[in-house]
Amino acid sequence: MPELPEVETYARQLKPQLLGHSFVDAHVTWPRMVVFPDVESLPIRLRGLKVRDVTRRGKYLKLELSSEAQLLIHLKMSGRLRIEPITVSPEAHDRIRFGLDDGRELRFNDTRKFGRVYLLGPNDQDRSPLNQLGPEPLDETFTVEEFARRLSRRAGAMKPLLLDQSFIAGLGNIYADESLFQARIHPLRRADTLTEQEIESLHSAIRCVLQRSIDCLGVSFDFVYTGGLHDPGATYQCQLQVYQRQGLACSWCGQPIERMVIGGRGTHFCPVCQRR
DNA sequence: TAAATCCTGTCA
DNA sequence: TGACAGGATTTA
């Protein structure tokens, strides 16, 4: 499940591949994945637009295009991206193929069909899903003070809050669990009860965990994200402390990691190190 | 606040 | 064969 570090890795790897190239068309085999514009208009609007930059916002991959347009891609659960010559046969579950001006295609493969694409012009900004996103955790403007202010206004449990993209952008199930563990905060802990020290610790944990994963090209699991474009190289899965480690020894205290369902999501934590 | 929804591969 | 995972949105 691609989260901030995995999408960041894609952005970095796609940028040199796409910069300066124009799109010539788009083939969509699962129309639901195109949110805006309608599927018929997508190839027409996309034709001729040149890639100016490839960046990331939250879990969205953002292709800045000519004419002030932008192509947003959300990989959701099972989305993967590849670039291949048009002469190479598409794979199973290739849902959208974006044709480039040099005979290559950007291929959006998504087994579960949850992935989403938006092509937005300068007049479509009110439709941008980026409008709903909270602060970017690795940005300099995301300060402890800002974090503390936002936490103090929330009475719910920490785990669902960290997954709320309007509270903070980019964290998913893996990094929410890992961050709470590193800060030694129980996932059910009420947000507005965190001490100043805990807030500081969590702020630092979130940034540390994300940055270290980016340095490792993210996490890669079977059949899901493969750590970038063509060379699976993601290694952060080897450094996970709690995620999917229920029953295994906590690296701090040796007690078994537990798993419980919070807000409908599998949640992994150490019952000894993470106090409620 | 919780559950249903969209999906398919995996696993029991 | 049926339960389940899981991001984000929608509905109860």
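Reminder, nothing fancy here: chain letters follow the sequence lines and each chain counts from 1.
Heavy atoms of Gly263(A) sit nowhere under 4.0 angstrom from any nucleic acid atom. Within the nucleic acid shown, Tyr243(A) comes within 4.0 Å of sugar-phosphate atoms alone, with no base atom in reach, counting heavy atoms only.
Cation-pi check for Arg150(A) over Phe167(A) is met; the charged atom lies under 6.0 angstrom from the ring centroid and within 45 degrees of its normal.
Here the side chain of Arg32(A) is nearest to one of dC6(B), dG7(C), dT8(B), namely dC6(B). Among the nucleotides dG6(C), dT8(B), dT9(C), the one closest to the side chain of Arg259(A) is dG6(C).
The pair Glu8(A)-Arg56(A) meets the salt-bridge criterion, with a side-chain N (NZ, NE, NH1 or NH2) lying under 4.0 Å from an Asp/Glu carboxylate O.
With rounding to whole Å, Glu3(A) atom CD is found 9 Å from dG7(C) atom C1'. As rounded to whole Å, 15 Å separates atom C1' of dG7(C) from atom OH of Tyr175(A). For the pair Tyr118(A) OH and dG7(C) P, the computed distance is 16 Å after rounding to whole Å. The distance between atom NZ of Lys113(A) and atom C1' of dA8(C), rounded to the nearest whole Å, is 19 Å. Between the CZ atom of Arg154(A) and the P atom of dT1(B) there is a distance of 10 Å, given to the nearest Å. Between the CG atom of Asp110(A) and the P atom of dG7(C) there is a distance of 13 Å, rounded to whole Å. Asp177(A) places its CG atom 9 Å from the P atom of dG6(C), with the value rounded to the nearest Å. Rounded to whole angstrom, the span from the CG atom of Leu75(A) across to the P atom of dA8(C) amounts to 11 Å.
Here His93(A) reaches the OP1 or OP2 of dG9(B): one of its side-chain N or O atoms lies under 4.0 Å away. Contact annotation: His74(A) side-chain N/O to dG7(C) OP1/OP2 distance is not under 4.0 Å.
Side-chain contact check for Asp53(A) versus Lys15(A): some heavy-atom pair is nearer than 4.5 Å.
For Glu68(A), the CD atom sits in a loose shell: 12 or fewer heavy atoms of surrounding residues, nucleotides or ligands are nearer than 6.0 Å.
Residue Phe114(A) and nucleotide dG7(C) are classified as a stacked aromatic pair, their ring centres being separated by less than 5.5 Å at an interplanar angle below 30°.
Ser251(A) and Gln241(A) share a donor-acceptor pair across their side chains, judged by distance under 3.5 Å alone.
Taking the nucleotide of DNA chain B with the nearest heavy atom to each of Arg265(A) and Ala157(A), the more 5' of the two is matched to Ala157(A).
Residue Arg112(A) places no side-chain atom within donor-acceptor reach of the base of dG9(B), judged by atom type and a 3.5 Å distance cut-off alone.
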